[in-house]
Amino acid sequence: MPADAPLLEARDIVVAFGSFRAVDGASLTIGKGEIIGLIGPNGAGKSTFFNCLAGDRQPQSGSIHLRGHDVTRASPEEHARLGLGRSWQVPAVFDDLSVRENVMVGAFLRHPRTADAAAAAEQVIDFTGLRPIAEARSGSLGTPARKRLEIARALATEPEILLLDEALAGLTPTEVRAAIELVRRIHARGITLVIVEHVMEVILSLADRAVVFHQGKVIAQGPPREVVQDPGVIEAYLGRSLSRKARA
Amino acid sequence: MMPAATRFAGRWVFAVLVVAALLAWPLFVEDQFYQRVGALVMLAALSASAWNLVGGYAGQISIGHVLFFGCGAYASLLGFTWFEWAPILGAPFGIALSLLLALVVGGPTLRLKGHYFSMATIALAELARIIVTNAPVLGGAVGVSGPAMPRSVLDLSFISPLPYYYIFGTVLAVLLLFTWWMNRSRMGFYLRAIRGQERAARSLGVPAQRYKMYAYLVSAGFTSVAGSLYAAMLGFVDPDSGFGILLSVKMVIAAALGGAGTLFGPLVGAAILVPLEEITNAMFGGGGTGITYVVYGAIIVFISRFAPGGLAEILSRFQAWRARRAG
Amino acid sequence: MILAQVVLNGFLVGAVYALFSSGLTLIWGMMNVVNFAHGDFVMIAMYVAFIAFTALHLGPELFVPLAAMALFLLGVLVYYGLVRHVMRGPMLAQILGTFGLALVLRYATLWIFSANFLSLPENLLGEVQTFAGLRLEPSRVVAGLAALALTIGLHMLLTRTALGSRLLAVAEDRSAAMLVGIRPDPMQALAWGLGAACTGVAGALIALFFYISPMVGESLALIAFVVVCLGGFGSVPGALVAGLTIGVIESLTSFWIGPAFKDVVVFILFLAVLWFRPQGLLGKA
Amino acid sequence: MSDRGMSDALLSVRNLEVRYGDLVGVSDVSLEVRKGEVVALLGSNGAGKTTVLNAIIGLVRPSGGEVLWEGASIAGQPAFAVVGRGLALAPEGWRLFVNQTVEQNLRLGATPLRDRKREAELLEKVFAFLPKLKERRRQEAGTLSGGERQMLAVGRALMSAPRLLLLDEPSLGLAPAIVEMMYEKLQVLRDEGLTLLIAEQSVELALEIADRGYVIQTGRSVLEGPADELARSPEVQRAYLGIGGDEEPA
């Protein structure tokens with residue numbers, strides 16, 4: 001692929017459920033090395049859009065290119081092979097497997113031999129700080145650890161771009177800080193990140209660029225601190241006073 | 001807490017002792033009845049372990065695995081009926097047919113989720129049973145028989161159950177070795193990942209459909225071998241003993257009782273269920289079938305209600321309880 | 001003319017299929033639990049009818065309701081004793097639980113009654129009549145029409161009454177049902193009771209014209225699965241249409257190809273539907 | 001919080017905590033609703049508004065804190081018991097029975113009353129209040145538009161003749177004109193004296209109708225006050241967008 005081609009490019013994505021258009025012509029271009037925060041009020045369609053990017057849902061129209069390959073209709077495993085990793089909103093770890101084995105499932109993608117996959121998994125386990133619980137059955141873990149394990153598992157596939165779906169929701173402030181720190185270190189490895197997040201502080205402290213979704217469209221994007229001052233964004237979040245009779 | 005190395009060595013000693021005991025015990029049991037029960041345990045463990053690859057490790061609950069068992073059983077005896085071959089020479093054809101069938105029907109069937117997969121496998125097995133019942137060339141409702149008198153060792157026709165015990169045991173050992181190896185390799189990881197969360201597995205680059213198919217193929221092949229050996233031992237097969245739905249269910253139950261998705265679960269399950277069945281049958285004579293299966297059914301209901309993970313779950317609960325008390 | 005006779009026979013049997021499949025579809029659609037003992041429920045109902053007739057000398061007008069009541073109780077019992085505990089468990093536990101139940105019912109019956117085929121007197125409801133060239137066996141006609149009426153009745157109960165509305169509400173969205181003040185547990189027990197009562201009536205009606213044996217449930221269960229898959233999970237009208245269709249297809253297959261092959265056609269149809277339209281022919285995508 | 005203030009509270013939530021496993025849904029939320037009041041529960045998405053309402057109505061079980069209804073604890077009671085006490089919720093995503101008709105949905109709402117005569121009276125009242133539903137009474141709920149579904153969710157909640165109506169984001173996903181109509185209807189309910197607790201993301205909308213408001217942020221109460229004060233407060237915007245401060249996330 002040409003050097004200046006975007007890493008991931010989605011053009012005019014439409015996803016409709018019946019007559020309701022959850023994503024209504026959204027486009028997004030992601031360059032190598034960015035951290036993008038995908039934000040928007042409830043029901044804005046960002047989760048649906050995210051799933052299209054991750055290859056878990058096929059859009060009705062529009063196109064998605066990953067590293068120059070057309071992946072609009074490609075399977076999730078094809079996305080993984082091409083270097084896209086993801087986490088799930090509700091952690092989907094393999095409960096019967098230990099933490100190490102979970103990570104190894106990811107590592108097998110680039111390392112077919114067990115010994116190699118195990119070695120690769122060890123590195124990821126150290127990198128993500130899962131060493132103390134490496135032997136635990138993942139079904140016995142709490143949610144913060146599961147969320148971290150999901151990130152570790154995706155990292156083990158050695159992705160170029162990592163999509164995180166509310167990886168920080170519901171964590172305590174300490175856990176949020178630890179997670180932010182992990183995300184920074186992942187980025188320092190040269191991995192591009194797309195983060196869907198409700199907690200605005202996270203976006204403000206992490207993202208280079210915030211992309212605001214509203215009613216299935218991208219209504220604003222730019223540096224997070226500028227975006228949250230945008231009147232359109234404030235209106236999308238806070239709602240608009242409707243013209244109507246004075247209160248009785 | 002024992003040091004890991006001691007635990008590891010202890011495991012090996014234990015495993016060697018178990019294998020030695022399994023090899024030796026029929027030699028100490030004079031009674032042919034118990035020797036025969038031993039052989040049947042090995043056979044049941046073999047088919048349940050084969051089922052376990054798909055149903056246990058990959059989590060795709062097939063209730064129609066008897067399809068492959070029947071292919072193997074019929075192939076070995078039809079070889080004799082048509083060409084006077086020794087039954088065991090038909091086994092490779094049974095395997096080939098099973099693999100072919102698995103390949104053809106596995107594609108669409110393995111895409112089905114949950115109950116739908118189970119239903120489809122039942123329908124396929126029933127279809128095979130009805131077709132065989134109504135095809136005179138395949139023996140029809142009467143079934144087919146093997147050689148009346150053994151002509152050579154290849155006929156696998158022995159009066160003593162002991163040779164069968166060792167033959168079934170050997171194939172079982174091969175299958176368990178494969179399972180053990182698989183479980184440590186990429187395939188085992190992928191299958192267990194698919195069982196846990198297929199969508200998440202695919203997002204990690206696991207080609208779920210392909211790996212389910214691999215498991216299905218290996219499983220079909222071994223199930224077919226079990227069928228061939230069973231037919232050689234009995235010297236007879238009919239649509240019910242080859243393709244009956246109850247046989248499929250017994251595979252599921254043996255594996256589930258011991259612990260589906262564990263290496264020795266099916267063996268443990270078979271070692272409990274087969275003697276139970278044979279002994280109650282013997283105790284109550286021909287009319288015992290009723291009671292046997294009532295007991296059988298009650299055990300299953302009990303397990304599903306109180307320990308859905310089988311004996312393996314009870315064991316791990318016990319270990320966790322002990323660890324809590326110790327720690 | 002003979003073709004009309006074949007279709008009519010298929011239609012009447014199909015109505016009975018529809019009735020006992022309605023019970024299965026109700027439970028399946030409502031709780032996503034497949035009752036592998038469903039066919040054996042039908043079998044038990046046949047024995048209830050047989051005992052009521054031979055030992056208590058009850059006629060069909062009494063043994064049919066009796067079978068319905070007996071099976072209703074069985075259904076409720078099974079729900080509270082087993083299903084409630086396995087319905088949210090792993091699928092293997094659900095399958096094992098209901099399959100184990102099937103074995104217990106089937107072989108307890110075998111143990112008590114032996115494998116001998118039993119049957120009710122053929123002319124229990126009178127002699128064969130001929131009407132417009134069609135041969136009408138009263139037992140089949142009564143069974144078929146009663147089953148048809150009851151299936152429609154079940155549909156009416158579900159769609160036209162407050163109770164049915166609550167049952168369906170629990171099926172559709174358990175939490176939302178709680179939000180409007182419905183206790184889900186008794187409703188689910190009731191669904192099991194109703195589902196089993198349908199098999200009770202169907203079993204007693206089948207006993208009018210079919211042999212009775214401990215193993216009869218196995219093939220009936222498979223038919224019920226096919227009907228439910230074709231008709232769409234949880235849909236009583238779907239089960240009605242699919243049941244009638246299966247009955248007629250079976251009848252036509254028996255006539256054109258041979259009785260032995262009637263199930264072959266049904267199963268192939270079933271697999272084709274599962275493979276190409278897993279939500280059922282009449283189900284919504 | 002004075003004792004007198006608590007005594008006339010219809011609903012009082014104190015230090016509510018809800019965990020999903022070990023995931024914190026809300027960690028510390030307190031609020032109070034007095035008879036005849038309209039109270040707004042504000043916060044950006046993910047703040048925990050839905051969790052608070054679900055905990056009050058009994059769809060989720062609180063892990064800590066108190067939920068008092070007329071002074072008696074209802075925390076941990078299942079929803080079917082709580083709605084029998086005179087609370088009703090028009091939930092997030094409407095949660096309609098889409099395969100049943102509009103009328104059936106409404107009648108189901110009257111289940112806690114166990115009174116067919118009252119049910120019929122209330123049905124007429126709801127139809128009079130929301131005439132669109134009367135037009136659609138024989139239609140399946142699944143065929144309704146978004147606005148009509150929201151109407152039906154409110155209508156269904158009203159069918160149990162509640163003394164406190166909880167509304168979870170009544171404006172979510174609706175076109176502006178529909179939102180306006182929705183809020184006009186809520187205004188009518190308010191004028192009739194019905195007590196309302198409205199969870200809203202849209203601040204200005206909610207504060208136009210509310211007497212008082214509470215703002216929650218990442219599962220905690222952070223602000224409360226009379227509606228007109230909150231409407232002017234810059235802190236609300238900060239709570240939503242996390243701007244205006246360099247402080248660490250807390």
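As a basis for the values below, the full set of heavy atoms in this structure was taken, side chains included, without hydrogen atoms, waters or symmetry mates. Keep in mind the model is a prediction, meaning the values are calculated, not measured.
In terms of heavy-atom pairs under 4.5 angstrom with chain B, the leader among C:Ile112, C:Val226, C:Ile95 is C:Ile95.
Within the 4.5 angstrom heavy-atom criterion, no atom of B:Thr133 approaches chain C. B:Val301 touches chain C through backbone and side chain together, each having a heavy atom under 4.5 Å away. Using a 4.5 Å cut-off between heavy atoms, C:Val86 contacts chain B through its side chain alone, with no backbone atom that close. Residue C:Leu222 touches chain B through its side chain alone, counting heavy-atom pairs closer than 4.5 Å. Residue B:Ile299: no heavy atom, backbone or side chain, is found under 4.5 Å from chain C. Looking at B:Ala260, only its side chain comes within 4.5 Å of chain C, counting heavy atoms on both sides. Heavy atoms closer than 4.5 Å to chain B are found in both the backbone and the side chain of C:Leu96.
In this structure, C:Tyr47 has its ring center no closer than 6.0 Å to that of C:Phe50.
Using modelled atom types, one finds no donor on one side chain facing an acceptor on the other under 3.5 Å when comparing C:Arg84 with C:Gln188.
No option in B:Ser248, B:Ser62, B:Pro266 other than B:Ser62 meets the side chain to side chain contact (heavy atoms under 4.5 Å, CB included) test with B:Trp51.
B:Glu198 has no carboxylate O lying under 4.0 Å from a charged side-chain N of B:Arg202, or vice versa, which leaves the two without a salt bridge.
The aromatic rings of C:Tyr107 and B:Tyr293 lie tilted to each other, with the angle between the two planes from 30° to 60°.
Put simply, the side chain of B:Phe117 does not reach to within 4.5 Å of the side chain of C:Leu274, judged on heavy atoms.
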